[in-house]
Amino acid sequence: MPISDKALLTLEEASSYFNIGINKLRELTNKEDCKFVIWCGSKRLIKKKLFCEYLEKQYSI
């Protein structure tokens, strides 16, 4: 399934799709109040739609 069709992305997929480093994604998703991450055990998945909305509101990350 192409990344563009997925609702949830792994860190590697999100890094490639959004052109943001994996370490920066880990930093952003480590926060307790992070609304665009879902944990599946110890695996974190990024909610693509919510992350897009988050990025649109940011000046820098």
> Members other than V37 in its cluster, when Ile, Leu, Val, Met, Phe, Trp, Tyr link by side-chain heavy atoms under 4.5 Å?
Replying inline: W39
> Of all residues at least two apart in sequence or in a different chain, which pass the salt bridge (charged side-chain N to carboxylate O under 4.0 Å, His left out) check with E53?
Replying inline: none
> Quick one: side chain to side chain donor-acceptor pair (under 3.5 Å) partners of S15, sequence neighbours excluded?
Replying inline: none
> For D5, which residues count as a side chain to side chain donor-acceptor pair (under 3.5 Å) partner, sequence neighbours excluded?
Replying inline: none
>> So, using side-chain contact (heavy atoms from CB on, under 4.5 Å) as the criterion, who are the partners of I20 when residues are at least two apart?
In response: F18, K24, L25, F51, L55, I61
> Can you list the residues that meet the side-chain contact (heavy atoms from CB on, under 4.5 Å) rule with N23, with sequence neighbours excluded?
Replying inline: R26
>> Using modelled atom types and a 3.5 Å cut-off, is there a donor and acceptor pairing between side-chain atoms of K6 and backbone atoms of K48?
In response: no
>> Tell me every residue that passes salt bridge (charged side-chain N to carboxylate O under 4.0 Å, His left out) with K35, counting only those two or more places apart in sequence or in another chain.
In response: none
>> I38: which residues meet the side-chain contact (heavy atoms from CB on, under 4.5 Å) condition with it, sequence neighbours left out?
In response: L8, L45, K47
>> Among residues at least two apart in sequence or on other chains, which ones pass side-chain contact (heavy atoms from CB on, under 4.5 Å) with E12?
In response: T10, I22
